[in-house]
Amino acid sequence: ILELLQRSPEFYRFNSSNVTLFPHQERALCEAMSRTPVRVMFSDDVGLGKTIEAGASLRYGIKHLGWKKLILLVPAGLATQWMYELHEKIGVTAKRLDRESGQFVDKDGLPVGSVDSPWGDGVFVVSAHLVSRSDRFREMFRREVNSAQCLLLDEAHAARRRYDGPNRITETLLYQVLASVAHKVPNLILLTATPMQSQQTELVSLLSQLGIPRQWKDESFFAEYHELLRRQDYAPEDASTLEAGIRATKIINPHTSRF
């Protein structure tokens, strides 16, 4: 019984990191790790601890779900910080891809292996900019993600798909990379405080990489349903849209009637 309790996200939140989780972080962790596979987006506002939520989720996956190979795509300027947060606050050891040396390095900057050889198991922190801009590292990343159990993308709003005019859609290089691998890895974690910057297309496109019900990929349905949720009263003709939206939401999270 104790072993089963320890494997439960509800119990694990009390021993998920080297820091104490705030209540909203506990809830986020429990919600995320109660799904199989784990395909979630942490979208707390800036400063509310998305890194800790994600880190605690990674540790749970490593400890209890058999995740042996994890790849973290992060902004180049945050790679070292991610290494520190994982080691000091989460208790997870990672390797960082260092472009200059062509090596993986540990938290102290010491080389721990070549990036050209098969990466094997471990937690790998990789620059999203490097993977987006370099053909060599992009192909290397795509090769390695095929054998990974989890992919994490920080600042996921940089993977953007949007309308730039009538019938004209543009995609960032990072979005193209994400779309090419998102459904090849079983567990996907996205982090962003701004999943929608100016268009709902940006949000729907990110959610589509996680895997969403068919109805939600219809942007007109998505907009109509969420507009209805903001209203105080409903007309009889709204019933079918509300029912379809609630059914679609319950596919993602059976414990709630709202996303």
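This one's a predicted model, so the numbers in the text were calculated from it and none came from an experiment. Note that the numbering runs from 1 along the sequence shown for the chain.
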Flag side-chain contact, heavy atom, 4.5 Å: [X] against [Y]:
{"X": "Gln149", "Y": "Lys68", "answer": "yes"}
{"X": "Leu97", "Y": "Leu130", "answer": "yes"}
{"X": "Val125", "Y": "Lys95", "answer": "no"}
{"X": "Trp119", "Y": "Ile71", "answer": "yes"}
{"X": "Leu190", "Y": "Phe42", "answer": "no"}
{"X": "Val38", "Y": "Cys150", "answer": "no"}
{"X": "Arg161", "Y": "Thr170", "answer": "no"}
{"X": "Trp82", "Y": "Val123", "answer": "no"}

Is there a donor-acceptor contact under 3.5 Å from the side chain of [X] to the main chain of [Y]?
{"X": "Ser127", "Y": "Pro75", "result": "no"}
{"X": "Arg59", "Y": "Ala54", "result": "no"}
{"X": "Thr172", "Y": "Arg160", "result": "yes"}

Non-hydrogen atoms of [X] and [Y] that approach each other most closely:
{"X": "Ser57", "Y": "Leu29", "result": "OG-CD1, 3.6 Å"}
{"X": "Leu178", "Y": "Ala159", "result": "CD2-CB, 4.1 Å"}
{"X": "Pro186", "Y": "Ala148", "result": "CD-O, 3.6 Å"}
{"X": "Ala56", "Y": "Ile90", "result": "N-CD1, 3.8 Å"}
{"X": "Leu188", "Y": "Ala182", "result": "CD2-CB, 4.0 Å"}
{"X": "Leu152", "Y": "Asp154", "result": "CD2-N, 3.9 Å"}

How many angstroms lie between [atom1] in [X] and [atom2] in [Y], if you round to the nearest 0.5 Å?
{"X": "Tyr175", "Y": "Ser132", "atom1": "OH", "atom2": "OG", "value": "13.5 Å"}
{"X": "Leu153", "Y": "Met41", "atom1": "CG", "atom2": "CE", "value": "9.5 Å"}
{"X": "Leu65", "Y": "Met33", "atom1": "CG", "atom2": "CE", "value": "5.0 Å"}
{"X": "Arg27", "Y": "Glu31", "atom1": "CZ", "atom2": "CD", "value": "6.0 Å"}
{"X": "Ser205", "Y": "Glu202", "atom1": "OG", "atom2": "CD", "value": "8.0 Å"}
{"X": "Leu228", "Y": "Tyr234", "atom1": "CG", "atom2": "OH", "value": "7.0 Å"}

Exercise. Evaluate side chain to side chain contact (heavy atoms under 4.5 Å, CB included) for Gln209 paired with Arg39, printing each intermediate quantity in order.
Key: CA-CA 9 Å; Gln209 303 312 314; Arg39 300 182 69 86; 5.6 Å; no
Quiz prompt | Pairs involving residues 136-145, ordered by first then second residue, that meet side-chain hydrogen bond (donor to acceptor under 3.5 Å, both in side chains) (sequence neighbours left out) | solution = Lys69-Glu144, Asp116-Arg136, Asp135-Arg138, Glu139-Arg142, Arg142-Ser180
If Ile, Leu, Val, Met, Phe, Trp and Tyr residues are connected whenever their side-chain heavy atoms lie under 4.5 Å apart, and connections chain through other members, are [X] and [Y] in the same group?
{"X": "Leu173", "Y": "Phe137", "answer": "no"}
{"X": "Leu206", "Y": "Leu210", "answer": "yes"}
{"X": "Val115", "Y": "Val112", "answer": "yes"}

Quiz prompt | Intermediate values then yes/no, side chain to side chain contact (heavy atoms under 4.5 Å, CB included), Leu86 and Leu72 | solution = CA-CA 11 Å; Leu86 288 172; Leu72 284 58; 3.8 Å; yes
Can I get a per-line list of side-chain donor-acceptor pairs under 3.5 Å for residues 102-110, giving both atom names and the distance, sequence neighbours left out?
unit_1: Asp106; atom_1: OD1; unit_2: Asp108; atom_2: N; d: 2.9
unit_1: Asp106; atom_1: OD1; unit_2: Gly109; atom_2: N; d: 3.1
unit_1: Asp106; atom_1: OD1; unit_2: Leu110; atom_2: N; d: 2.9

Quiz item: How far apart are the C-alpha atoms of Thr80 and Arg96, what are their side-chain angles, what is the distance that settles it, and do they pass the side chain to side chain contact (heavy atoms under 4.5 Å, CB included) test?
Solution: CA-CA 8 Å; Thr80 301; Arg96 175 175 60 84; 3.9 Å; yes
Quiz item: Between Asp238 and Arg231, is the closest basic N to carboxylate O distance under 4.0 Å?
Solution: yes
Quiz item: Glu155 pairs by side chain to side chain contact (heavy atoms under 4.5 Å, CB included) with which of Val74, Leu78, Leu73?
Solution: Leu78
Quiz prompt | Trace of the side chain to side chain contact (heavy atoms under 4.5 Å, CB included) decision for Lys50 with Leu191 | solution = CA-CA 7 Å; Lys50 291 185 294 299; Leu191 280 71; 4.0 Å; yes
